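What follows is a short report on a single structure.
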Amino acid sequence: MVTWFHLLNRGKLTSISCDDFTSRTGLELHDQDGVLKDELPPIQRWLNRLLALPIALQNVIFDEFLTLVETRVAAAREAGTLDVGVETIQCERATLVEDVVLRTDPVSGATSHLLTIETERRKTPIMLDRVLDFARWDDSARFVRNAKSGRVALMSKARAWMDDDGLPIARLELQRPCRREYLHEADLGETAWEEIDRDTFTTLWEAEVAEALVTPEIETVRLATGLLLPIWSALPSDHMAVNRIVDEQGNSWLGRLVYEQHIVQLYGKLGLASPEELPVDAIARSVLSGRSVEVTRPFAMTLRRSLVNGKPRVEIVDAPSAQLPWLKSLGCFTEIISYKTRVFVPANDAEAVLAKILKVA
């Protein structure tokens, strides 16, 4: 709400000007010096005054405000800071694969656990007749196929987002048989989506639906559960949501999801294992997600993700110069940047190369 008032004051909204808004609603937004007040009207009063405006004007203002809200919610969701309370993950079958005790309270004996759970869910694809109805009533709809994967989607214009200056960010919606995706319209040229005819789309869509109906979605998740308060600070700070996993057999687990790229960091903070003792794939995922991992074998070094010319790379920091020929023989490469030799692991083959390096320990 505060952001909306600031954009209004700066003349960044297209729905209504600040002078027109204050004149129509009677709300005082500025102090005697013409500066926007620190205490602005609450949303309840804002809504009450808006309801007295003409319907057409209400619709434009509400649409712009909703765009602003959706942009902020999406940003918080991507950052992992969106608080939506306890989310329930429903599935047909959930199987406990592994139970690792993270901590045992020395006084009460209560334990904290990291559970590895395999979930299985039936897919519920959208039938062809329904997606064709979507296309019939949306003039912006196009039938598209991804040239790389061969998968199809119904592409249409989505509600635009709004940046901090009130400028619209055009988006496209991709309705696929089992999910919905969004992308910025400006990024479309960098993707493999291409337009196809209706008959080709129909054939491919029905094939994907038939495949989805007989192929369950199987996913392995990790859930921190039990006594979480003592280890709360060790859990990833960019994914704070609390989840409940429930299956049709009555199994239920409550806790915080821990993603693969967080495992190395979690174990390190709790002193459960050194990075050398963890699976190489976990180390690779942690590094590629942007987290630095320090190892001591086969020599002391730091593995981290670095941006070079705007592209992510896996870098080996503090590698001894005597080890460079050996690292190159395993698939690494070097570059001289700012008069300093830096060692990199190919990002598309990071797991295999890191496995060769770390298995020597």
Side-chain angles (χ1 to χ4, degrees), residues 1-88 133-142 154-175 179-191 237-242 310:
M1 192 71 255
V2 173
T3 303
W4 188 89
F5 279 122
H6 279 272
L7 290 174
L8 177 70
N9 182 58
R10 291 159 52 195
K12 298 295 184 177
L13 300 181
T14 59
S15 57
I16 192 171
S17 67
C18 188
D19 290 341
D20 192 17
F21 177 80
T22 54
S23 174
R24 287 174 178 268
T25 62
L27 293 174
E28 295 184 3
L29 306 181
H30 301 89
D31 59 21
Q32 295 179 349
D33 298 324
V35 178
L36 196 66
K37 294 180 178 179
D38 291 332
E39 293 197 12
L40 294 165
I43 191 169
Q44 294 88 348
R45 190 184 308 162
W46 179 80
L47 288 171
N48 287 336
R49 300 299 174 90
L50 249 60
L51 293 176
L53 300 179
I55 297 297
L57 182 56
Q58 287 184 39
N59 291 338
V60 176
I61 294 176
F62 280 132
D63 186 70
E64 203 165 45
F65 179 71
L66 184 59
T67 297
L68 187 62
V69 170
E70 288 183 351
T71 304
R72 297 300 185 271
V73 169
R77 189 183 300 278
E78 291 179 4
T81 58
L82 181 63
D83 184 2
V84 294
V86 177
E87 289 187 285
T88 299
D133 278 340
F134 293 161
R136 185 179 303 113
W137 297 104
D138 189 342
D139 294 336
S140 69
R142 289 181 289 165
L154 180 69
M155 179 184 292
S156 58
K157 287 189 176 296
R159 181 190 296 275
W161 281 352
M162 184 184 296
D163 65 15
D164 293 336
D165 292 323
L167 298 175
I169 304 173
R171 296 190 306 151
L172 296 171
E173 177 185 300
L174 293 169
Q175 179 63 66
R179 66 182 185 273
R180 183 178 299 168
E181 301 172 359
Y182 295 91
L183 60 87
H184 292 174
E185 190 171 327
D187 297 334
L188 179 60
E190 300 178 6
T191 68
S237 58
D238 50 353
H239 293 279
M240 304 289 289
V242 176

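Positions are given from 1, in the same order as the sequence printed here. Basis for what follows: all heavy atoms, side chains included, without hydrogens, waters or symmetry-related copies. Computed from a predicted model, the values in this text were never measured in an experiment.
Distance CD/Glu185 to CG/Leu188: 7.5 Å, rounded to 0.5 Å. Here the straight-line distance linking atom CG of Leu174 with atom OH of Tyr182 works out to 10.0 Å at 0.5 Å rounding. Once rounded to the nearest 0.5 Å, the distance linking CD of Glu173 with CE of Met155 reads 10.5 Å. Atom CG of Asn59 sits about 12.0 Å away from atom CG of Leu66, to the nearest 0.5 Å. If you take CG on Leu172 and NZ on Lys157, they are separated by 6.0 Å, rounding to the nearest 0.5 Å.
Residues Ile43 and Phe65 meet the side-chain proximity criterion, which asks for heavy atoms closer than 4.5 Å. A 4.5 Å side-chain heavy-atom check between Asp138 and Leu154 finds every atom pair outside the cut-off. Using a 4.5 Å heavy-atom threshold, the side chains of Phe62 and Leu47 count as touching. For the pair Leu7 and Glu64, the minimum side-chain heavy-atom distance is 4.5 Å or more.
Closest approach of Leu51 to Gln58, counting heavy atoms only: O-NE2, 3.2 Å. Minimum heavy-atom separation, Pro54 to Arg24: CD-NH1, 3.8 Å. Summarising the geometry of Ala160 relative to Pro168, their closest heavy-atom pair is CB-CB, 4.3 Å, with the distance given to 0.1 Å. When all heavy atoms are compared, the tightest approach of Ile61 to Leu50 is CG2-CD2, 3.6 Å. Between Cys18 and Leu8 the shortest heavy-atom distance is CB-O, 3.6 Å. The two residues Phe5 and Pro41 make their nearest non-hydrogen contact at CE1-O, 3.5 Å.
With respect to the salt-bridge test (charged N to carboxylate O, under 4.0 angstrom), the residues Asp63 and Arg159 qualify.
Residues Gln175 and Ser156 bring no donor and acceptor atom of their side chains to less than 3.5 Å of each other.
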- request: Test side-chain contact (heavy atoms from CB on, under 4.5 Å) on Phe21 and Leu29 and set out the steps.
  value: CA-CA 10 Å; Phe21 177 80; Leu29 306 181; 4.1 Å; yes

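Residues that satisfy the salt bridge (Lys or Arg N to Asp or Glu O under 4.0 Å) test with Glu28, not counting sequence neighbours, are Lys37.
Other residues, nucleotides and ligands contribute only 12 or fewer heavy atoms inside 6.0 Å of the CG atom of Asp139.
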